[in-house]
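Reviewing the structure listed below.
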Amino acid sequence: MDESGSSTQEMSIDQLHLIKHSSDAVLRETYQIREDRFSKKNDIWRPTQELKHIEDQVNFEVKFKTGPDQAYAKHQGLGSGKSTRKVYLSKREHRQQISAVVSRRQEEEMRVHTVSL
């Protein structure tokens, strides 16, 4: 994937995140309509589906502290008996986490492509 395509996808996901978590009810309804329309079409890349998967990954990383910046910090796994308290991110922090996940995925895609050459 070329640089312009990956940045376009990242901007689409950021824009969609802003619309989804907007304080304006009309924008949130617009997102819901778009998500419903594209939920059954899996053959083409859609930012609504990608955002859903990325938000799930971000929520998992925040809840279990498994992101690359926190991975293996104390060498404790998920079953170590430690309590997982609820962490609330602001919209800005959540958007930053989503951008970080998108960047990591794009780097991984480029790495896989490079190895396959």
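Keep in mind it's a predicted model, so treat the numbers as computed, not measured. Note that the numbering runs from 1 along the sequence shown for the chain.
Taken from CD in Gln106 to CZ in Arg104, the straight-line distance is 12.0 Å, to the nearest 0.5 Å. Rounded to the nearest 0.5 angstrom, Leu51 CG and Tyr31 OH are separated by 5.0 Å. Residue Glu55 holds its CD atom at 10.0 Å from CD1 of Ile13, rounded to the nearest 0.5 Å.
Applying the side chain to side chain contact (heavy atoms under 4.5 Å, CB included) test to Leu27 and every residue at least two apart in sequence or in another chain returns Ile19, Ser22, Asp24. Annotation: side chain to side chain donor-acceptor pair (under 3.5 Å) contacts of Gln15 (sequence neighbours excluded): none. Residues satisfying the side chain to side chain contact (heavy atoms under 4.5 Å, CB included) criterion with Thr30, sequence neighbours excluded, are Val26. Partners of Lys91 by salt bridge (charged side-chain N to carboxylate O under 4.0 Å, His left out), not counting sequence neighbours: none found. Taking the side chain to side chain donor-acceptor pair (under 3.5 Å) definition, one finds that Ser99 meets it with Asp14, sequence neighbours left out. For Glu107, the side chain to side chain contact (heavy atoms under 4.5 Å, CB included) partners are Arg111, not counting sequence neighbours. Remark: Arg34 pairs with Leu16, Arg37, Phe38, Pro47, Thr48 by the side chain to side chain contact (heavy atoms under 4.5 Å, CB included) rule, at least two apart or across chains. Applying the ring-ring contact (aromatic ring centres under 6.0 Å, His included) criterion to His21, with sequence neighbours excluded, gives His17, His94. In terms of the salt bridge (charged side-chain N to carboxylate O under 4.0 Å, His left out) criterion, residue partners of Glu50 (sequence neighbours excluded) are, by chain and number, Arg105.
Electrostatic pairing of Glu35 and Lys20 does not count as a salt bridge here, judged by no charged N lying under 4.0 Å from a carboxylate O.
The same ILVMFWY cluster, assembled from side-chain heavy atoms under 4.5 Å apart, contains both Leu89 and Ile98.
Between the side chain of Glu93 and the backbone N or O of Ser90 there is at least one donor-acceptor pair closer than 3.5 Å.
Under the 3.5 Å distance criterion, with hydrogens and angles disregarded, a donor-acceptor pair is assigned to the side chains of Gln57 and Glu61.
Between Val101 and Gln97 there is no side-chain heavy-atom pair separated by less than 4.5 Å.
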